[in-house]
Amino acid sequence: MKKWVYFFGAGKAEGDGTWRDLLGGKGAGLAEMTKIGLPVPAGFTLSTETCDYFYKNGKKYPSELKKQIAENVAKLEKVTKKKLGDPKNPLLVSVRSGSARSMPGMMETILNLGLNDKSVEGLAHATKNDRFAYDAYRRFVQMYCTVVMGMSKEDLEHRLRAMKQRLGVKEDTAVPASGWKELVAEYKAYFNEKNGSAFPEDPMEQLWGAIGAVFGSWMAEKAVTYRRVEKITGLLGTAVNVMQMVFGNTGDNSGTGVCFTRDPSSGEKTFYGDYLSNAQGEDVVAGIRTPVHLTELSKLMPKVYGQLEKVRVKLEKHYRDMQDMEFTVEEGVLYMLQTRTGKRTPAATFKIAMDMANEKLITKEEAILRVKPEDIERLFYPVIDPKVDKKTLSAKIIGHGINAVPGAAVGKACFTAHEAEEWAAKGEKVILVRRETSPEDVGGMAVAQGILTATGGKTSHAAVVARGWGKCCIVGAETLEIDYKTKTMTASKNGKVVKEGDWLTLDGSEGTVYADAQPLVTPEFPKAYQTVMKWVDETRKMRVRTNADTPQDARKAIEFGAEGIGLCRTEHMFFTDFEHPEQSHNRQLAIQEMIVAETQEARVKALDKLLPYQRRDFVGIFQAMDGFPVTIRLIEPPLHEFVPHEREKQAQLAKELGISVETVARRVEQLHEANPMLGHRGCRLSITYPEILEMQVRAIIEAAIECHKGRVKVLPEIMIPLTLDKKEMSILEQATRRVADKLIKEAGIKLPYLVGTMIELPRAALLAAEIAEVAEFFSFGTNDLTQTTMGLSRDDAGRFLPDYVDEKKAGVFAGDPFQTLDTKGVGMLMRWGIENGRKTRPKLKVGICGEHGGDADSVKFCHEIGMDYVSASPFRVPISRLAAAQVVVESKQKAAKKKK
Ligand code: ADP
Ligand code: MG
């Protein structure tokens with residue numbers, strides 16, 4: 001016979017703390033606490049399998065359940081020496097939900113079950129406390145009405161308020177027994193009126209009703225939504241815990257509380273918690289009366305406090321992690337009702353991990369595993385001041401979008417990149433609001449505090465660029481209608497209108513857009529972070545570099561622990577002068593002049609203007625990276641991205657260059673491609689226009705020579721993008737070396753440099769063995785490699801990819817392959833590329849520089865296939881460091897398990 005129900009009580013349990021999947025977190029915790037000898041009221045748990053069966057069989061229970069419940073009730077009655085419904089000394093129970101993953105407040109609980117008109121008298125008699133007995137009764141009836149019958153809570157509370165008014169009392173604790181008795185009668189009459197039947201007096205009927213309600217709450221909308229938002233999948237359902245009631249509401253010698261073994265917000269090793277005397281269950285958190293701090297309990301009940309302190313130590317030692325506990329004191333006796341691993345702030349995560357390792361409670365390796373990538377992410381970004389009143393804040397909501405880059409930002413709304421730059425130059429803080437962004441907007445994006453777009457997903461242009469900078473960004477806020485003409489944004493949900501220059505606040509962590517300037521605070525950088533990250537760096541095998549295009553980013557990345565640059569995209573330098581923004585226009589003009597040039601001569605002339613800018617940028621980057629390798633990618637995007645497409649702007653450009661509008665328009669027209677992603681881009685540009693490559697190599701090597709002379713150690717790695725063939729690679733490698741070697745020879749110095757390639761096309765990965773004959777290093781450009789392997793455009797996939805990821809729709813992929821590597825397909829090419837590249841060149845240096853280099857799961861895969869380094873945007877460098885260390889610890893653990 002299949003077992004559906006598991007008993008715990010009197011020091012024994014039919015399960016333990018590791019049975020979370022079967023008994024739920026609460027059930028497993030109760031079993032474990034019982035086993036280690038803590039004072040836990042007895043009870044039994046209906047397994048999550050029961051819930052699974054219930055939903056798979058048209059909401060019917062397994063046939064054996066009835067018998068098993070009856071047996072367990074009998075056992076409980078024996079252990080507690082009380083009987084359900086007994087008119088003299090009745091057993092009362094609570095019926096509590098609890099799944100394998102904690103979902104606070106999402107599912108239902110019923111307390112004091114087993115009370116009826118007879119047993120309430122028995123309870124009053126046994127406790128010699130009428131008031132308490134009827135208080136318990138009215139609570140039970142109210143919970144049963146709302147939770148099991150779905151009646152309106154407000155209707156019931158209304159009756160409670162009226163009763164208190166009649167009696168002229170304020171606090172619930174001042175209501176006499178007769179008041180509660182009256183209320184119970186009123187509730188029951190209302191029950192009859194609503195349901196056309198009497199309130200169930202039979203405790204077994206009550207119990208079945210409550211069990212059904214707990215299972216029902218698993219599929220309640222709020223619970224389903226919670227699981228979707230928290231990405232909780234693969235659970236069987238909720239367990240149901242039925243356990244003997246203990247009473248915190250018998251008088252001043254009783255009470256109820258919650259506590260944490262350490263402070264969950266700072267991580268300090270202090271006992272932290274709240275206690276409310278003469279109260280039951282939810283009263284502590286419901287905010288009806290204000291609870292007191294735990295230190296008060298030490299004065300009120302020193303003996304109980306001492307016991308609780310012992311439980312704290314025992315549980316933390318036992319679970320080897322910070323615990324969040326619920327307890328009740330009945331007539332001076334302590335009972336434990338729940339324990340679970342406590343949720344904590346990112347700062348506390350580091351502090352607790354560090355302290356526990358130092359206390360030798362856990363190992364340093366375990367401490368490394370305790371930190372989640374999100375903890376690091378959330379540590380650095382500004383947030384809306386938590387002191388701002390939640391209600392005031394939610395009244396300011398304008399809309400929601402996809403939380404592309406976390407953190408919060410405040411600024412005035414600007415609807416064009418150009419204006420954003422103008423306003424910022426005047427010292428204004430701006431939020432750039434666009435339907436979507438394109439490379440032309442980069443300047444405006446760079447100066448904005450935050451970016452908001454109405455379209456796009458987490459891999460849209462806006463999201464990718466903003467993530468690179470760690471800049472707050474919300475994309476895909478589809479309920480916001482953006483009108484460029486009137487420069488307004490209208491919230492289609494509530495009609496709120498934001499005009500140009502109005503203050504806005506973005507919460508990029510949640511994806512919420514607020515009206516007005518909300519106060520922001522930057523969380524403090526905890527000391528424990530440095531310590532734990534030191535352990536991380538000692539553990540990992542892979543190096544972690546950064547993707548940085550400017551000296552500022554390079555310096556920022558060094559602060560975050562980068563060990564070099566894995567990708568410096570030179571084309572961003574064509575648009576914006578980050579150190580001298582007022583010179584940006586000259587750069588743009590030079591590149592545009594180069595592109596519209598009709599002869600090679602004219603092109604070279606324009607390129608000569610660009611050279612000093614690029615050289616200066618490289619000097620800054622080399623200086624910031626003093627001694628670390630710097631990989632610089634030669635020009636990559638199709639040229640049409642750099643020229644204006646609107647007639648007006650074309651005219652302006654023509655005027656500035658002293659040529660005709662027609663010439664400009666014709667060149668732009670010529671650059672048009674049906675499929676630019678597969679068109680004239682990457683190293684194909686340098687095959688057609690070798691002079692571009694020559695200028696860029698010259699700028700890199702001249703900068704390197706200058707730094708070398710200034711005693712800055714430089715290790716340039718020149719990277720050819722989008723290679724597809726060995727011969728192509730070889731032509732460009734030779735062109736690169738011709739320029740570089742000549743300059744180095746002229747300078748009369750020794751300057752090592754490498755020439756390598758990005759692997760972004762399946763063909764390049766397949767022919768890795770040949771390409772490695774020429775290339776000294778590989779860097780996997782997994783954004784394009786994913787795009788070209790899957791045949792899915794990264795910029796358009798947002799329209800249908802959600803269906804592919806959605807478990808209910810198609811569930812083809814577990815996640816967005818542009819965020820987390822498709823290790824199966826793209827990963828196969830990577831593995832092959834590395835293996836075969838190293839067959840030709842055993843010491844081939846291999847890294848990754850796509851967005852995936854900052855994604856923890858992808859980084860772990862990179863370790864497994866033998867990469868030397870990963871490269872991530874500056875803000876994600878610590879995440880990559882962490883992941884690179886975690887994978888080392890995890891594979892060690894796996895290996896140890898296998899041995900066993
Ligand atoms: P949640 O999962 O929402 O925390 P719980 O099942 O823990 O819900 O129950 C809610 C409240 O009721 C808690 O404060 C708990 O301490 C209290 N409670 C539950 N069971 C009992 C019991 N047997 N005796 C006394 N209080 C109980
Ligand atoms: Mg609880």
Side-chain angles (χ1 to χ4, degrees), residues 8-9 20 23-31 33-34 38-46 48 73 76 79-80 82 84 90-115 123 127 132 135-136 139-140 142-144 146-147 207 210-211 213-215 217-218 220 222-223 226 238-250 254-260 273-289 291 308 311 323-331 333-343:
F8 57 90
R20 297 174 59 92
L23 303 181
K26 205 175 282 168
L30 290 167
M33 286 197 293
T34 303
L38 297 184
V40 178
F44 53 86
T45 305
L46 278 70
T48 55
V73 167
L76 185 60
V79 170
T80 59
K82 288 181 184 179
L84 268 183
L91 167 68
L92 302 191
V93 295
S94 65
V95 180
R96 320 167 67 186
S97 58
S99 68
R101 293 270 306 272
S102 155
M103 301 170 50
M106 287 304 129
M107 290 181 298
E108 304 297 354
T109 300
I110 295 167
L111 304 180
N112 309 332
L113 189 140
L115 283 174
L123 183 66
T127 58
F132 151 72
D135 177 35
R139 286 173 193 262
F140 166 61
Q142 175 168 339
M143 276 187 258
Y144 199 91
T146 55
V147 174
L207 182 60
I211 290 170
V214 171
F215 283 151
S217 68
W218 175 250
K222 65 174 178 177
Y226 183 86
T238 180
V240 182
N241 301 289
V242 179
M243 64 190 295
Q244 182 189 10
M245 279 303 301
V246 288
F247 301 101
N249 53 334
T250 61
S254 304
T256 181
V258 294
C259 56
F260 293 84
D274 287 327
Y275 178 75
L276 193 60
S277 77
N278 197 7
Q280 185 171 57
E282 245 53 310
D283 293 357
V284 195
V285 285
I288 307 171
R289 283 186 288 144
L308 196 59
V311 170
Q323 295 293 299
D324 162 358
M325 299 135 24
E326 293 178 359
F327 64 94
T328 282
V329 181
E330 180 181 321
E331 298 297 337
V333 181
L334 174 72
Y335 294 94
M336 298 310 299
L337 295 177
Q338 189 171 332
T339 188
R340 61 181 165 211
T341 299
K343 292 209 161 65

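Remember, it's 1-based here, ligands and their atoms both numbered in the order they're listed.
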Query raised in the report: Under the 3.5 angstrom rule, does the side chain of Thr238 hit a backbone N or O of Phe215 as a donor-acceptor pair?
Result: no
Query raised in the report: By number and element, which atoms of ligand 1 are closer than 4.0 Å to a non-hydrogen atom of Met243?
Result: 23 (N)
Requested in this report: Output yes when the distance from some N or O of ligand 1 to some N or O of Ser97 is under 3.5 Å, and no in every other case.
Outcome: no
Report task. With heavy atoms under 4.0 Å as the rule, classify the contact between Lys26 and ligand 1 as side chain, backbone, both or neither. Result -> side chain
Query raised in the report: Between Leu337 and ligand 1, which part of the residue brings a heavy atom under 4.0 Å of the ligand: side chain, backbone, both or neither?
Result: side chain
Query raised in the report: Is a side-chain N or O of Arg96 found less than 3.5 angstrom from the main chain of Asn241, in a donor-acceptor match?
Result: no
Query raised in the report: Under 4.0 Å from any heavy atom of Thr109, which atoms of ligand 1 are there?
Result: 5 (P), 6 (O), 8 (O), 9 (O), 10 (C)
Query raised in the report: Which ligand 1 atoms are under 4.0 Å away from a heavy-atom of Gln244?
Result: 22 (C), 23 (N)
Requested in this report: Could you see which bit of Met107 sits under 4.0 Å from ligand 1, with heavy atoms only: side chain, backbone, both or neither?
Outcome: neither
Query - Check: Thr328/Thr256 side-chain N/O donor and acceptor closer than 3.5 Å - result: yes
Query - Donor-acceptor side-chain pairing of Gln280 and Asp135 below 3.5 angstrom - result: no
Report task. Report yes if the side chains of Phe327 and Cys259 come closer than 4.5 Å at any heavy-atom pair, otherwise no. Result -> yes
Query raised in the report: How does Glu326 reach ligand 1, by side chain, by backbone, by both or by neither, if only non-hydrogen atoms under 4.0 Å count?
Result: side chain
**Report entry** Element-labelled atoms of ligand 1 that are located less than 4.0 Å from some non-hydrogen atom of Val246
**Finding:** 24 (N), 25 (C)
Query raised in the report: Can you tell if the side chain of Leu123 reaches within under 4.5 Å of the side chain of Leu115, non-hydrogen atoms only?
Result: yes
Report summary line: Here the atoms of ligand 1 under 4.0 Å from any heavy atom belonging to Leu111 are 12 (O), 18 (N), 19 (C), 20 (N), 27 (C)
Requested in this report: To 10°, measure the OE1(Glu326)-the Mg ion (ligand 2)-OE1(Gln338) angle for me.
Outcome: 80°
**Report entry** Sub-4.5 Å side-chain heavy-atom contact between Val246 and Leu337
**Finding:** yes
Query raised in the report: Do Thr250 and Glu330 get their side chains close enough for a donor-acceptor pair, meaning under 3.5 Å?
Result: no
